[in-house]
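Report on one structure; see the data block that follows.
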There are 2 protein chains.
Amino acid sequence: MGVTKIDSYSPSVLTLSEVFKALGHPARLAIVQYLIDKGTCICGDIVDELPLAQASISRHLQELKNAGIIKGQISGTSVCYCLSDAHLNAILTLINSINLSIPKSCCDDECTS
Amino acid sequence: MGVTKIDSYSPSVLTLSEVFKALGHPARLAIVQYLIDKGTCICGDIVDELPLAQASISRHLQELKNAGIIKGQISGTSVCYCLSDAHLNAILTLINSINLSIPKSCCDDECTS
DNA sequence: ATTATATATCGCAATATTACGATAAATAAT
DNA sequence: ATTATTTATCGTAATATTGCGATATATAAT
């Protein structure tokens, strides 16, 4: 995160920003959307889905787990992941359903730059 | 973002992950929460609120603007910022109202590590 | 026991982020 | 015109993130 002054923020802001940060990478968001669609996955499912090495997928899954977004259950040699919180599922489908429609220059006529 | 393979994701995943990424820093989330509370701010308001230099606050405001989360309107020597999308406000208050309750180890008894 | 399968971790290189002071730019006030 | 005031940008150093191959670990199958 660069050189963030992590001690200067409230715990709730820190926790919530960690959740957003975890969702703020396209690979991890794609994993979450896969879970919204299919319910569960194992690491290999995502390896087949995204153009990343197995080690990289595993790292992304760990980060989602650390942020509390997914949880994993060991099942034989594999680990079955799912969304850890029903609220999160609701939030994400809500966000997806909304027309975010964010043009890169939202207000060129009234903004500084 | 390190070495992300940015060409391998759908535009919607990329856009949405950029929004999350922008919210994924405590200073920027604190700015957004300030805007939810007060409606508007100028750069100096946030400089008084957070323990960061003016240059750093300005950079964070630019990033929120680039992600389409806030917009700014020039007013004299200052720039008045506000949330750019009513939906976003709704999403954020929703998220804040939900008991996210994300323990760091959500499922130690069933997880790999 | 050996081999196959699945996931996690290590070590490294490339890149991105963060923060700061200094400075530029642009309007407002005297 | 000069001086404040406010925000944006530049340059730089410190740190974090990302991705990969290689390897470790752990269960399942033969």
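In what follows, chains carry the letters A, B, and so on, assigned in the order in which the sequence lines appear, proteins first and then strands, with residues in each chain numbered from 1. Everything quoted here is computed from the prediction, not taken from an experiment.
- Rounded to whole Å, the distance from CD1 on A/I74 to P on D/dT25 is 15 Å.
- Which of D/dT7, D/dG19, C/dT9 sits closest to the side chain of B/Y81 comes down to D/dT7.
- Per the geometry, NZ belonging to A/K65 stands 8 Å off P belonging to C/dT9, to the nearest Å.
- Atom CD of A/E18 is separated from atom P of C/dT17 by 17 Å (rounded to the nearest Å).
- How far CD1 of A/I31 is from CD1 of A/I46: 5.0 Å, rounded to the nearest 0.5 Å.
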Could you walk me through whether B/L35 and B/C41 pass the side chain to side chain contact (heavy atoms under 4.5 Å, CB included) check?
CA-CA 7 Å; B/L35 286 175; B/C41 74; 3.7 Å; yes

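- Relative to the side chain of B/A53, the nucleotides C/dA19, C/dG21, D/dT9 differ in distance, and C/dG21 lies closest.
- In this model, a side-chain donor or acceptor of B/Q54 finds a partner on the base of D/dA8 within 3.5 Å.
- Note on residues 26-47 of chain A: no pairs pass ring-ring contact (aromatic ring centres under 6.0 Å, His included), not counting sequence neighbours.
- Spacing between atom CG of B/L61 and atom P of C/dT18 amounts to 13 Å, rounded to whole angstrom units.
- Pairs passing the side chain to side chain donor-acceptor pair (under 3.5 Å) check and including a residue from residues 43-60 of chain B, sequence neighbours excluded, read B/R28-B/H60.
- Residue A/K21 places at least one side-chain N or O closer than 4.0 Å to OP1 or OP2 of D/dT17.
- For the OP1/OP2 pair of D/dT18 and a distance below 4.0 Å, the side-chain nitrogens and oxygens of A/R28 include at least one atom meeting the criterion.
- A donor-acceptor pair under 3.5 Å links the side-chain atoms of A/S84 to the main chain of A/G68, judged by distance alone.
- Atoms CZ (B/R59) and P (D/dG11) sit 12 Å apart, rounded to a whole Å.
- With rounding to whole Å, B/I46 atom CD1 is found 15 Å from D/dT6 atom P.
- Residue B/D45 is the one, among B/D45 and A/S75, whose nearest nucleotide of DNA chain D lies closer to the 5' end (criterion: closest heavy atom).
- Spacing between atom CD1 of A/I57 and atom C1' of D/dG21 amounts to 15 Å, rounded to whole angstrom units.
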Below 3.5 Å between N/O atoms, which protein atoms pair up with nucleotides 1-6 of chain C? Just atom names and distances, please.
| residue | atom | partner | partner atom | Å |
| --- | --- | --- | --- | --- |
| C/dA6 | O4' | A/T77 | OG1 | 3.3 |

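- The two residues A/C82 and A/T40 come nearest to each other via the heavy atoms CB-CG2, 4.2 Å.
- As a whole-Å value, the separation of B/L52 CG from C/dT18 C1' is 9 Å.
- Contact between the side-chain N/O atoms of A/S56 and the OP1/OP2 oxygens of D/dC20 is found at a separation under 4.0 Å.
- Using a distance-only test at 3.5 Å, with no hydrogens or angles considered, a donor-acceptor pair links the side chain of A/S78 to the main chain of A/S75.
- Residue A/H60 places no side-chain N or O under 4.0 Å from the OP1 or OP2 atom of D/dT17.
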